[in-house]
Novice: 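This structure is in structure tokens; I'll ask about it shortly.
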There are 2 protein chains.
Amino acid sequence: MGAQGKGQTAAVEDNPSRPPAPRPPTVTDVARVAGVSTATVSRVLNDIPTVDAKLARRVRTAITKLGYEPSRVARSLRVKRSRVWALVIPELRNPFFTDMISGVEEVARAAGFMLFLCNADSDVDKEASYLRLAVAEHVAGIILSPASQAASARALGTLGTTPVVTVDRRLDAPVDWVGVNNRQGAEMAVHHLADNGYRRIACISGPGDTSTGAARLAGYRRARGARGTDGGPDLVRVGDFDENHGFRAMGQLLRLRPPPDAVFATNNLISLGALRAIDEAGARVPEDIAIVGFDDMPWTSLVKTPLTAVAQPTYDIGRETARLLMSRVEGDAAPPREIMLSPTLVVRGSSSARRSALSQRQR
Amino acid sequence: MGAQGKGQTAAVEDNPSRPPAPRPPTVTDVARVAGVSTATVSRVLNDIPTVDAKLARRVRTAITKLGYEPSRVARSLRVKRSRVWALVIPELRNPFFTDMISGVEEVARAAGFMLFLCNADSDVDKEASYLRLAVAEHVAGIILSPASQAASARALGTLGTTPVVTVDRRLDAPVDWVGVNNRQGAEMAVHHLADNGYRRIACISGPGDTSTGAARLAGYRRARGARGTDGGPDLVRVGDFDENHGFRAMGQLLRLRPPPDAVFATNNLISLGALRAIDEAGARVPEDIAIVGFDDMPWTSLVKTPLTAVAQPTYDIGRETARLLMSRVEGDAAPPREIMLSPTLVVRGSSSARRSALSQRQR
DNA sequence: TTGTATGCGTTATCAA
DNA sequence: TTGATAACGCATACAA
């Protein structure tokens, strides 16, 4: 109900009583008002100590009086480096990345850096295009989670001297990296399933041309090898790190004869899709199929059977990445560093110890 | 292998075999190589038609030969407007906003705009600080989802002529807005619960100084009024739009005597917290308490009792917001516009028709 | 149609 | 310690 606020569209014309040029003040204006040179204003702005306290005060009052705000673009042009980072990630809708970004944002903001958000959409061309834009914007540094191992490493060459820190996904190149021990995380998942009596453990893997996809699959294979579990290569399903792949792969796995008795879902979106497939097939977790995911999410404890998952210190990953980039931006020229954090296994009902076929019948 | 070059202090001069200056090429370089003036290069760059095809070709080959990339910061300084938008949101870890951002990003990238990601962290000071930075960076436009209705409206004044489009959360100011009909969405939720026989319908609301918090609460109250349901003001719990508030409020509601038989959770994080509280209390959905959430998420169909939710066209909201800002950036000076999309109710098990007390006992 | 020259707002170099 | 002045890389008014 109520009236629409649309009324009174009358005087759209320019108001002649408005000051002629609402041009934002510049250093020159500040200098004039403070009665000093622009050089002195600049010195005050940049906290250069060799300036008389009295003059500095005059400058500061002039600044507040005018409501002056230094132009970051003019400064960027002059010093040939902006206080901006580019954040290039493969998928914005994956909560892992947004949590990670939260960590990056915290330290960037504290240091006065703005963040260019670049969503590559898992597309190497979009990624390359964003990287070009980033250098065209004279960003001070780049945080990159590469869409692909091969193509993205090539793109690195075009970046000139801009510092780059990769995160989560590695590159075959001498470049900083922050992330978790993905192979270890995968091994933990599979060993845990084997410990709980599962023998046919499947894996829904991500793309082979991402280091995380490759490492988690490698960990899975290694752990299976160590435990001598059953089943052949058809238990491995490689595809994208998304819900769709999780859904379809899980459907295929459930139709296998014999089907797997457990599955390792290698990221949170794949887990989501796999759970949906299990649900639609009317299968029970873990009686018909156990599942362990990668990435612990707010919803993992709330699904029908709470999900066991390999948890990453996602926010910390973002913070460490930003700190490392910060040191590079400030001139740290040490050889490339790799900061590897540890994943942890959060055990819940989806991987509960398997009952033997006998005891199942006894129920 | 050779001697270290360090000894030869004789030749302090630049190594002649190395290119003297790995300085990125500029318009001047391109102009020199192409044998034209910088003005012509600039014209080619900006697709100004009044340039001879032959010269244009020469320029273009020079550009590719040199690997020239125009400096967006120099251009920004010159034209006093960058091809960058600022995206100011209250909470990066709320998937609603990241989905919305995906939509924004799609149209921004297509138009060659970069995005400054500004996470205000529900803090009006951080928000104000980011808005200042945005103008200091000469952004072409701002997409703002205000942390608070009152404080953020004040901040608008400092923005000068920079176009602003608000999204999701409104402001008490004549400014563009894109979002859904939040009051209607809330009404749908409550009417649905009432239709299914619930009589004591609680509400876990967001902050009163956000338009979405206020509108959803208003819709809840209005629908309750229309249906004449039971219960008093203690059925309404106001707090933050986060999981913690959802968890605590739900716990309090469950301890009420008599407790509510249904609850409306006014955003996805509150739903998460409420479900967790219900779970920990050992209550069943919907037998002990029915629940309807706001925002449909990938996990909503997978929780123990699939969640009925008011769904928003989140991605579209982002796209529409970006399109509106684009038109403003291109000079559209029409009066402020409001684009209101419609929410839809996705019905699942968490709000199934209530069984009477009698039939419940009969089970 | 093309070129010359100037300025965007800042910082850095050099003299004073 | 301070100030005049020259860039930074680009776009444009004006002249040719």
Side-chain angles (χ1 to χ4, degrees), chain A residues 21 23-59 62-63 66-84 112 133 135-140 160-161, chain B residues 21-60 62-63 66-84 112 133 135-140 160-161:
Chain A
R23 178 183 55 83
T26 72
V27 265
T28 316
D29 300 319
V30 175
R32 188 170 25 73
V33 170
V36 298
S37 75
T38 61
T40 300
V41 176
S42 176
R43 289 185 187 109
V44 173
L45 252 33
N46 294 289
D47 287 319
I48 289 174
T50 73
V51 52
D52 185 77
K54 192 160 193 155
L55 285 195
R57 286 208 320 117
R58 288 223 311 264
V59 169
I63 287 177
L66 293 175
Y68 166 76
E69 192 77 35
S71 161
R72 288 170 59 112
V73 339
R75 177 197 303 241
S76 297
L77 177 61
R78 180 58 231 236
V79 307
K80 296 174 116 168
R81 191 117 293 189
S82 65
R83 287 189 75 79
V84 177
L133 282 174
V135 317
E137 293 277 9
H138 292 186
V139 299
T161 62
Chain B
R23 178 183 54 82
T26 74
V27 264
T28 316
D29 300 319
V30 175
R32 188 169 25 75
V33 170
V36 299
S37 74
T38 62
T40 299
V41 175
S42 177
R43 289 184 187 109
V44 173
L45 252 31
N46 294 290
D47 286 322
I48 290 173
T50 75
V51 51
D52 185 77
K54 193 161 193 155
L55 286 195
R57 287 208 319 118
R58 287 223 310 264
V59 169
R60 279 187 236 282
I63 287 176
L66 293 175
Y68 167 76
E69 192 77 36
S71 160
R72 287 170 61 113
V73 337
R75 175 197 305 235
S76 297
L77 177 60
R78 178 59 230 244
V79 306
K80 296 175 119 169
R81 191 114 294 189
S82 65
R83 287 188 75 80
V84 176
L133 282 173
V135 317
E137 293 276 9
H138 292 185
V139 299
T161 62

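Everything numeric in this text was worked out from a predicted model, so none of it was measured. To find a chain, count down the sequence lines: A is the first, B the second, and so on, and within it residues start at 1.
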Novice: Quick one: what's the B/S/- string for nucleotides 7-16 of chain D, heavy-atom cutoff under 4.0 Å, read 5' to 3'?
Specialist: BBBBBBB---

Novice: Are the side chain of A/S42 and the backbone of A/T38 linked by a donor-acceptor contact shorter than 3.5 Å?
Specialist: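 The answer is no, because no donor-acceptor pair under 3.5 Å joins these two groups.
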
Novice: Ignoring hydrogens and geometry, is there a side-chain-to-backbone donor-acceptor pair from B/N46 to B/I48 under 3.5 Å?
Specialist: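 Absent.
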
Novice: Which heavy atom in A/P70 sits nearest to a heavy atom in A/R75, and how many Å separate them?
Specialist: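 Distance-wise, the nearest heavy atoms are CB-NH2, 4.1 Å.
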
Novice: Rounded to whole Å, how long is the line connecting atom CD1 of A/I63 with atom P of C/dG9?
Specialist: 16 Å

Novice: Rounded to whole Å, please give me the gap between CZ in A/R83 and C1' in C/dT11.
Specialist: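 Those two atoms, CZ and C1', are 15 Å apart.
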
Novice: Do A/E137 and A/S82 make a side-chain contact, defined as non-hydrogen atoms from C-beta onward lying under 4.5 Å apart?
Specialist: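 No - every pair of side-chain heavy atoms lies 4.5 Å or more apart.
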
Novice: Any side-chain heavy-atom pair from A/I63 and A/R58 closer than 4.5 angstrom?
Specialist: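 A/I63 does not reach A/R58 side chain to side chain.
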
Novice: In whole angstroms, how far is the C1' atom of D/dA4 from the CZ atom of A/R32?
Specialist: 17 Å

